[in-house]
Amino acid sequence: MARSLTLAVCQTGPVQRAASRAETVGRLVHLLEQAAAAGADLAVFPELALTTFFPRWMLDDDEIEAFYETSCPGPETQPLYDAARRLSVGFALGYAERVVENGRVRRFNTMDLIGRDGALVGRYRKMHVPGQETPEPGTTVHLERRYFEPGNLGFPVFRFGDVRVGLALCNDRRWPETYRMLCLGGAEVALIGYNTPMLLDEAPALAHLRMFHNHLPMQAGAYQNTLWVAAAAKAGIEDGQALIGGSCIIAPTGEIAAQALSIGDEVVVYRADLDLIAACRRVNFDFARYRRPAEYRLIAERAGPPED
Ligand code: CDV
């Protein structure tokens, strides 16, 4: 029997710092309703979907707490989980997670996968955390490494019904290891959320390539790992900073099957043919037969090329 999963990318426009959680969650519920009306099984929201992208600022300790969730769902986010159950649509949601582990406060850039019943299926914590801990002269202020530890949950693959789903967040999408780990874990679908500034001060000459460099690694990752990729941006002018859109659904052929056209709240829906994965494997990527893992040891042993 043919297998498919109807995916929805729920791109959002900016979430300004002044916005209340209730207002933002209301927008997300409305997007989920649109996804359900279009027949979606599973939706993906952006990275840090509940707040402005606060790592663009150097903040005092007493200012940062407002951006983190101490439980998800919490009182303010519960309506989104209730909507999932009411609509019978799953979703993946990016948010800033504050957790106490072994008596220590830890902060992660997190994405949860939620089932059609509104219950947690699984959690991913962003692995590739870019930026700096304190502002560095000549670079765009991007302080994710101040506000988040690198993830400590690996690259898990979860069951959503009979479909195997992996998660990734923003900068993760630029690294081939992300997709390979998900592929080797059995993922058929990768859900990605992102916040990507249009301009990076350190590389203004590359500004015209921002969208190309958004889609290039996701298309390559989908193709080389025979995955469906669904990626949701937070886009538009957010607290004075321009974020790119370009949210899309990518087939295991590497083709963009559907793409958002706006830089605001927008839902893109596409029925992903999961049998295409096997077809793509037959053509080029019979992994078990042709890969040479014993020859790839350096990938696990070295972070980068030798210095000299
Ligand atoms: N949120 C991100 O991880 N943003 C990075 C920027 C800083 C380059 C990205 O890869 O899009």
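Note: hydrogens, waters and symmetry copies are ignored here, and every other heavy atom, side chains too, is used. Every number for a ligand or one of its atoms is a count from 1 in the order of the listing.
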Search all heavy atoms of Leu276 against all heavy atoms of Pro252 and return the closest pair with its distance. CD2-CD, 3.9 Å
Decide, yes or no, whether a salt bridge links Glu101 with Arg125 under the criterion of side-chain N to carboxylate O below 4.0 Å. yes
Short N-O contact, Arg17 and Glu63, less than 4.0 angstrom: yes
Within the 4.0 Å heavy-atom shell around Glu47, which atoms of ligand 1 are there? 1 (N)
Taking all non-hydrogen atoms of both residues into account, name the closest pair between Asp41 and Arg116 and its distance. OD1-NH2, 2.7 Å
Under a 4.5 Å side-chain heavy-atom rule over Ile, Leu, Val, Met, Phe, Trp and Tyr, are Met181 and Leu169 clustered together? yes
To check your reading of the model: name the closest protein heavy atom to atom 11 (O) of ligand 1, its residue, and the distance in Å. Thr196 OG1, 2.6 Å
Only heavy atoms of Lys126, strictly under 4.0 Å: list the atoms of ligand 1 that pass. 1 (N), 2 (C), 3 (O)
Can you list the atoms of ligand 1 that are under 4.0 Å from a heavy atom of Phe53? 1 (N)
Among Arg210, His213, Lys234, the residue with a heavy atom nearest to atom 8 (C) of ligand 1 is Arg210
4.0 Å heavy-atom contact, Pro130 with ligand 1: yes
Please indicate whether Tyr223 has more than 12 foreign heavy atoms, meaning atoms of other residues, nucleotides or ligands, lying under 6.0 Å from its OH. no
With atoms numbered from 1 as shown, which atoms in ligand 1 lie under 4.0 angstrom from a non-hydrogen atom of Arg174? 9 (C), 10 (O), 11 (O)
Contacting atoms of ligand 1, where contact means under 4.0 angstrom from a heavy atom of Asn195: 1 (N), 2 (C), 4 (N)
Any side-chain donor near an acceptor of the partner, Thr139 and Glu202, under 3.5 Å: no
Side chain or backbone, does Glu144 bring an N or O within less than 3.5 Å of an N or O on ligand 1? yes
Closest non-hydrogen atoms of Ala92 and Leu167, given as atom of the first, atom of the second and distance, are CB-CD2, 4.1 Å
I need the atoms of ligand 1 closer than 4.0 Å to a non-hydrogen atom of Cys170, numbered in the order shown. 1 (N), 2 (C), 3 (O), 4 (N), 5 (C), 9 (C), 11 (O)
Subset of ligand 1 atoms that lie under 4.0 Å from at least one heavy atom of His142: 4 (N), 7 (C)
Mark the output for His128 as yes if a heavy-atom distance to ligand 1 is under 4.0 Å, and as no if none is. no
